[in-house]
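Here the structure comes first, spelled out in structure tokens, and everything after it is commentary.
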Amino acid sequence: TFWHSSGKGTMAALEFVETLRLLASNDNTSRNAAEHRFSDAREQQPVSTVAALFQVLSDQQLEEVVRKQAAVLLRQCLGKVRQDKSTWSQLGDQAHIECKAKVLQLLEGEGNPSVRKQVRDIVQSLGNQLIDIAKKERPQNIQAWPELLPALLRIVMDGSRDASLRADAIWTVKELLTSVWQVMVANHEQTLLVLRSCLADQNVAVKTNAAGMLCELIDNVDSKKDRDVFAVLVADLCAALEAIAENSDNTYIDTLLQAMEPGGNTVEFYKDALGSELLPRLARIAGSHVQNDTRRLALEVIISLGEEKPKTLAKLPAYIEQTLDISVKFLLELEDDLAEWANQDDDEADDEEQYKFGKEVVDRLCRQMDKVERFPFVFDKLKPVMTTFLQSSDWKQVIAGVTIAAQTVEYVDEEETILQMAGAVLGVLQSSNPRIRHVAWTAVAQLAQDHSDMVTGEHLAGQLLPLFFAGIDDSYTRVSFRSMEAFFIYGQEVEREVLEPFVPGMMEKLGLKLQTGDRTQQCKAITYVAVLAGQMKDDFANYYSSLMPMLKQIIQAIHRDPDQRSLLGKAFECVSLLARAVGSDGFRADAEGIMQAMVQAASMPNLPSNDPVKEYMMQAAQRICWTMHADFLPFLPPILPGILEKLTLAPKEFNEHSRNEVDDDE
């Protein structure tokens, strides 16, 4: 039979086991040789090879690493079942029957939980490939594998069996639901019995996987009528959620919370139980669970429910209030070690995950409620908190208050309110606490992005520009950089006449930063200079003679450094803005050297498709061409291939589906 064919023509049993050992080896040479041997056996003797894998997996005397390796390879061999040349397609009908029976036998008989997890994955993978049931069908069983669900559910409901085995069986059913939900609906009475029993099970793994199974079922069932049958289990699910959250091992509650993230049908399914059963439990977990990761997952479920059905959730006042209360609590969870914070930079800093996520949720809540015209209600709840925090002597509360202002201002329309918020932010920009200054500059950037017309007017600009000037050399580098980044946005919106008095002092400070050997300092300074040059236009010509040598020196130093491509691109951008300021005559002496450096930089081998230099170079070349007019012609041939490459368009099929994906602007 199939199971005794492994000794006929395939490598001997001991040699086969040794091959599996070597496949798990750290020795590259041995592992590569073993891979070739196994690949040859699989290709030349597929039946014998699959049988041998089953036999190794069945031998509980072998070491775990070998058996787990056999499981991985068996899953691969039983994959791609619909492809003509797959291993599965070469096994034959009888072997198919035996494979399905054997893998269920292995699942039920495996005593090692780690190996059994590999086996359950084989079962769900094979089942999801073999089973294909039309959405409208409601068969009583699975034609392609009729033994599958009865065997799994028998294990699940047998209270005398090991609880971890039952948990693995119900996990397998959960993973199969994308293919078999129609059968579960057709047998809804049995499904309800199984779920209700397992949701009340004393074992936390069984309870967790049953709750995950119900969530998965609701996500997959496409008919409201069919989903409503299972609504009687909502109270059971909520009770299970509460019990699982109390378990000392947070792995279970984390798994369930991830399964509970809305899939499109969730809010409608929970209906009236949202406010009375589900949200209070989720709020308690998000607000007070001992594990921060778990709290974030619970808050993610809460905010995602609102994103799925904002109108429905907006009708629950407790939803908005609870979400804001938890988010504000998250905003206050900041580290006390100022020195450690100061020694990190924004790009590489260890994010304070609670604060970061609280900030994100405030924005997401404002966005979803704004869509259903409920943002004013949200803002009314936040205004007193924001006002109190901004006046607090507690630096964490001040940071939370500024953050709330930054996250909500996008959705505020009243000019008076916006100016009040801007004034409050300005009031803390000179705080003695660097963390407050840092977050205040972030808020300034947000204000400039959302309401540039209001915050870049002469009155506010007159107050902000001296602070930008001082911020360039803030004693904390991290604050200095955030101030400069804020100017990248703010400076592009300020009128030239308002900005002009501050430019000489700014340029003096920026020139010093350009002369340091710190590439990050240089990158920030060059971008700052580019903003000034862009706003001042030809009035910036006075800085050409002092600035161009610095830029050329930087370009020469980094043009072959693959780690400084962004800095190099920004240097080219800055050069082109200087060229525009002085005109063709002023730039002519430097033009040839700059253009050669651009071409060389863009011609380096093995550049990624998103190389920043190429994009900066195109924009810089355009400005230089506009400046030099006909004198640019000699420089055109080397850059023409790059221009033509940008114009290359791949053909794309245009049909009704793609038409709907294109908006009016496109």
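Keep in mind the model is a prediction, meaning the values are calculated, not measured.
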Practice task
Evaluate the side-chain proximity of K309 to T266: yes if any heavy-atom separation is below 4.5 Å, no if none is.
Solution key: no
Exercise for the section: Look at the aromatic rings of H96 and W88 and report parallel, tilted or perpendicular, splitting at 30° and 60°. Expected result: parallel
Exercise for the section: Tell me yes or no: between the side chains of Q55 and D59, is some donor less than 3.5 Å from an acceptor? Expected result: no
Exercise for the section: Could you tell me whether D228 and K271 have a side-chain N and a carboxylate O separated by less than 4.0 Å? Expected result: yes
Fill in the blank from the handout: The side-chain hydrogen bond (donor to acceptor under 3.5 Å, both in side chains) partners of N187 (sequence neighbours excluded) come to none
Practice task
To the nearest 0.5 angstrom, please state how far the SG atom of C99 sits from the CD atom of Q94.
Solution key: 10.0 Å
Exercise for the section: For the pair S197 (side chain) and V194 (backbone), establish whether a donor and an acceptor sit closer than 3.5 Å, ignoring hydrogens and angles. Expected result: no
Completion exercise
Exactly one candidate in R75, R116, K68 meets salt bridge (charged side-chain N to carboxylate O under 4.0 Å, His left out) with D121; the answer is R75
Exercise for the section: Compute whether any side-chain donor of one residue and acceptor of the other, for D84 and S89, lie under 3.5 angstrom apart. Expected result: no
Problem - Side-chain heavy atoms of V123 within contact of L106, under 4.5 Å - result: no
Practice task
Using the side chain to side chain contact (heavy atoms under 4.5 Å, CB included) rule, take I155 and D168 through it: C-alpha gap first, then chi angles, then the decisive distance, then the call.
Solution key: CA-CA 9 Å; I155 296 170; D168 283 336; over 6 Å; no
Practice task
Of all the heavy-atom pairs spanning A210 and L195, show the shortest one and how long it is.
Solution key: O-CD2, 3.6 Å
Practice task
Inspect the surroundings of CD in E335 and state if more than 12 heavy atoms from other residues, nucleotides or ligands are less than 6.0 Å away.
Solution key: no
Practice task
Could you tell me whether the side chain of Q354 and the main chain of S327 form a donor-acceptor pair under 3.5 Å?
Solution key: no
Exercise for the section: Report yes or no: does Q129 contribute a side-chain atom to a donor-acceptor pair with the main-chain N or O of S125 at less than 3.5 Å? Expected result: yes
Handout entry: Any side-chain heavy-atom pair of L257 and L282 under 4.5 Å
Key = yes
Problem - Flag side-chain contact, heavy atom, 4.5 Å: C366 against Q407 - result: no
Problem - Trace of the side chain to side chain contact (heavy atoms under 4.5 Å, CB included) decision for R31 with L22 - result: CA-CA 5 Å; R31 188 173 63 252; L22 292 175; 6.0 Å; no
Practice task
List for me each residue that meets side-chain hydrogen bond (donor to acceptor under 3.5 Å, both in side chains) alongside K315, sequence neighbours excluded, and say none if there are none.
Solution key: none
Exercise for the section: Would you please name every residue forming a ring pair (Phe, Tyr, Trp, His ring centres under 6.0 Å) with Y411, sequence neighbours left out? Expected result: F375
Handout entry: Short side-chain to backbone donor-acceptor contact, T49 and Q45, under 3.5 Å
Key = yes
Fill in the blank from the handout: Scanning both residues in full, the closest heavy-atom pair of G287 with K329 reads O-NZ, 2.6 Å
Handout entry: E43 CD: over 12 foreign heavy atoms closer than 6.0 Å
Key = no
Practice task
Can you establish whether the number of heavy atoms outside D27 located under 6.0 Å from its atom CG is more than 12?
Solution key: yes
Exercise for the section: Could you tell me whether E321 atom CD has more than 12 heavy atoms of other residues or ligands within 6.0 Å of it? Expected result: yes
Practice task
Output yes when R120 and E175 qualify as a salt bridge under the 4.0 Å nitrogen-oxygen rule, no when they do not.
Solution key: no
Handout entry: Pairwise side-chain contact, L297 with V301, heavy-atom cut-off 4.5 Å (strictly under)
Key = no
Practice task
Kindly indicate whether the side chain of F230, heavy atoms from C-beta on, has any atom under 4.5 Å from the side chain of L237.
Solution key: no
Handout entry: Donor-acceptor pair, side chain of K207 and main chain of D201, under 3.5 angstrom
Key = yes
Exercise for the section: For the pair R284 and E246, find out whether any cationic side-chain nitrogen is under 4.0 Å from an anionic carboxylate oxygen. Expected result: no
Exercise for the section: Using modelled atom types only, decide if a donor and an acceptor are shared between the side chain of H188 and the backbone of V229 within a distance under 3.5 Å. Expected result: no
Exercise for the section: Check the pair R364, E300 against side chain to side chain contact (heavy atoms under 4.5 Å, CB included), reporting the backbone distance first and the verdict last. Expected result: CA-CA 10 Å; R364 289 166 65 182; E300 176 62 39; 3.0 Å; yes
Problem - Closest non-hydrogen atom pair, P262 against E308 - result: CB-OE1, 3.0 Å
Handout entry: Heavy atoms of other groups near D249 CG, more than 12 under 6.0 Å
Key = yes
Handout entry: Close side-chain approach of Y319 and I303, heavy atoms under 4.5 Å
Key = yes
Practice task
Would you check if V47 and Q90 make a side-chain contact, meaning some heavy-atom pair closer than 4.5 Å?
Solution key: no
Handout entry: Flag, side chain of T191 to backbone of M184, donor-acceptor distance under 3.5 Å
Key = yes
Problem - R374 side chain vs K371 backbone, donor-acceptor pair below 3.5 Å - result: no
Exercise for the section: Over all heavy atoms of both residues, which pair between V204 and T208 is shortest? Give the atoms and the distance, please. Expected result: O-OG1, 2.7 Å
Practice task
Let me know which of K100, Q105, E98 forms a side chain to side chain contact (heavy atoms under 4.5 Å, CB included) with K102.
Solution key: Q105
Exercise for the section: Applying side chain to side chain contact (heavy atoms under 4.5 Å, CB included) between Q124 and each of L177, T172, V173, report the one that passes. Expected result: T172
Exercise for the section: State plainly whether the residues R296 and D293 are in salt-bridge range, i.e. N to O under 4.0 Å. Expected result: yes
Problem - Salt-bridge present (E63, R21; N to O < 4.0 Å) - result: yes
Practice task
Please report the C-alpha distance between L316 and L279 in whole Å, then the side-chain angles of each, then the deciding distance to 0.1 Å, and finally whether the side chain to side chain contact (heavy atoms under 4.5 Å, CB included) criterion is met.
Solution key: CA-CA 10 Å; L316 300 174; L279 285 173; 4.0 Å; yes
Handout entry: salt_bridge(R281, E242) N-O dist < 4.0 Å
Key = yes
Completion exercise
Residues I122 and A71: closest non-hydrogen pair is CD1-O, 3.5 Å
Handout entry: Basic-acidic side-chain contact under 4.0 Å: K224, E268
Key = yes
Handout entry: Main-chain N/O of P146 paired with N141 side-chain donor or acceptor, under 3.5 Å
Key = yes
Problem - Non-hydrogen atoms of A259 and G212 that approach each other most closely - result: CB-CA, 4.0 Å
Handout entry: CA sep, side-chain torsions, deciding dist, call: E216, N220, side-chain hydrogen bond (donor to acceptor under 3.5 Å, both in side chains)
Key = CA-CA 6 Å; E216 185 71 20; N220 279 280; 3.0 Å; yes
Problem - Salt-bridge present (R367, E307; N to O < 4.0 Å) - result: no
Handout entry: CA sep, side-chain torsions, deciding dist, call: N112, E64, side-chain hydrogen bond (donor to acceptor under 3.5 Å, both in side chains)
Key = CA-CA 8 Å; N112 183 322; E64 180 180 307; 3.0 Å; yes
Problem - Electrostatic pair R166-D158, nearest N-O below 4.0 angstrom - result: no
Problem - N-O pairing of R67 and E110 below 4.0 Å - result: yes
